[in-house]
Amino acid sequence: MKEDLNSQLVSALLGLFAHDLRNPLSALHSNVSFLGSVVGAGDTEAHEALEDVAASSDALGHITDNLELFAIALDGARPREAHDFPLRELLREAAQKSRRFADSYRVTLEVDAESGGSLRAFANRDMLQRSLSNLIRNAIQHAGETGKVTVQAAQAGSELVIGVSDSGVPLASEMSEQAFTAEGQLSTKNVSGGRYSRGLGLYAARIAAGVAGARVRGGSAPSGARFELCVSAR
């Protein structure tokens with residue numbers, strides 16, 4: 001018998017999946033850290049294997065976070081409470097969260113936390129961080145081996161703009177809006193310039209930004225691609 005599953009019910013169920021996945025992932029992280037501390041420093045192969053496991057655990061955690069964002073989208077993606085916070089701290093956290101992923105792709109990641117200076121943003125910090133993480137991971141995935149990703153903030157009028165630039169192929173102009181939609185994740189997956197990334201990256205970035213009280217947009221840089229996360233200044 002076919003069961004009637006409305007979007008609200010599916011949203012709640014996906015939220016449970018995300019919650020249940022975090023427990024074993026947390027155990028994986030803890031055990032990998034422990035093994036890394038007891039394996040001999042000279043055992044290079046073992047440490048490389050453990051680093052691969054840690055990177056894979058990070059990737060699964062990121063996809064789990066995006067699964068939760070998909071659940072939020074199904075439930076209407078209602079905005080969350082905004083707060084005033086220093087932009088510099090957000091950039092520092094983004095660098096820390098993305099470093100291992102960049103290393104696994106052999107991509108140079110440069111996050112200019114000092115570009116945040118004394119700037120303060122007004123948004124939901126957790127959701128803004130999730131959006132930024134998705135943009136950075138998309139940039140890393142598409143920068144190309146030995147490529148480069150640069151993250152920098154600046155003020156533009158009443159907005160703060162966090163630019164994420166990379167050395168990869170820019171988002172195709174005809175996909176500038178479609179790539180940020182749920183349907184676009186299917187149609188752009190194997191298309192040049194579609195910029196698909198793990199965990200429905202660009203769609204998740206847009207959902208998280210909207211819930212945070214911000215917005216995302218794609219574009220190009222002089223020597224590659226660029227995304228911008230725009231948030232109100234405080």
side-chain contact (heavy atoms from CB on, under 4.5 Å) with Val151: of Ile162, Leu135, Asp112, only one passes, and it is Ile162

Do the side chains of Leu13 and Phe70 join up, straight or via other hydrophobic residues, at under 4.5 Å, putting them in one cluster? yes

Should the pair Lys97-Asp65 be classified as a salt bridge under the 4.0 Å nitrogen-to-oxygen rule? no

Exam field: side chain Arg99 to backbone Leu109, donor-acceptor pair closer than 3.5 Å: yes

Looking only at heavy atoms, what is the nearest atom pair of Ser131 and Val216, with distance? OG-CG1, 3.6 Å

Which atom pair, heavy atoms only, marks the closest approach of Asn66 to Asn134? ND2-OD1, 2.8 Å

Using only atom types and a distance under 3.5 Å, with no angle test, would you say the side chain of Asn31 pairs donor to acceptor with the backbone of Ala27? yes

With a 4.0 Å cut-off, would you call Arg92 and Glu114 a salt bridge? yes

Is there a donor-acceptor contact under 3.5 Å from the side chain of Ser26 to the main chain of Arg22? no

Are the side chain of Gln155 and the backbone of Gly157 linked by a donor-acceptor contact shorter than 3.5 Å? yes

Give a yes or no answer on whether the side chain of His47 reaches the backbone of Gly40 with a donor-acceptor pair at less than 3.5 Å. yes

Using distance alone, with no hydrogens and no angle criterion, decide if Arg226 and Ser165 have a side-chain donor and acceptor under 3.5 Å apart. yes

Counting distance only, does the side-chain N/O of Ser115 pair as donor-acceptor with the main-chain N or O of Ala153 below 3.5 Å? yes

Ignoring hydrogens, what is the shortest heavy-atom contact between Leu14 and Leu74? Give both atom names and the distance. CD1-CD1, 3.7 Å

Which pair of non-hydrogen atoms, one from Gln185 and one from Ala179, has the smallest distance, and what is that distance? NE2-O, 2.7 Å

Which heavy atom of Ala143 sits nearest a heavy atom of Ser167, and at what distance? O-OG, 3.0 Å

Between Arg130 and Asp126, does any NZ, NE, NH1 or NH2 come within less than 4.0 Å of an OD or OE carboxylate oxygen? yes

Say whether Leu28 and Leu21 are linked into one hydrophobic cluster, either directly or through other cluster members, by side-chain heavy-atom distances under 4.5 angstrom. no

CA sep, side-chain torsions, deciding dist, call: Val164, Asn138, side chain to side chain contact (heavy atoms under 4.5 Å, CB included): CA-CA 10 Å; Val164 180; Asn138 183 282; over 6 Å; no

The reported gap from CZ in Arg234 to NE2 in His83 (rounded to nearest 0.5 angstrom) is 11.0 Å

Looking only at heavy atoms, the pair that brings His142 and Ser197 closest together is NE2-N, 4.5 Å

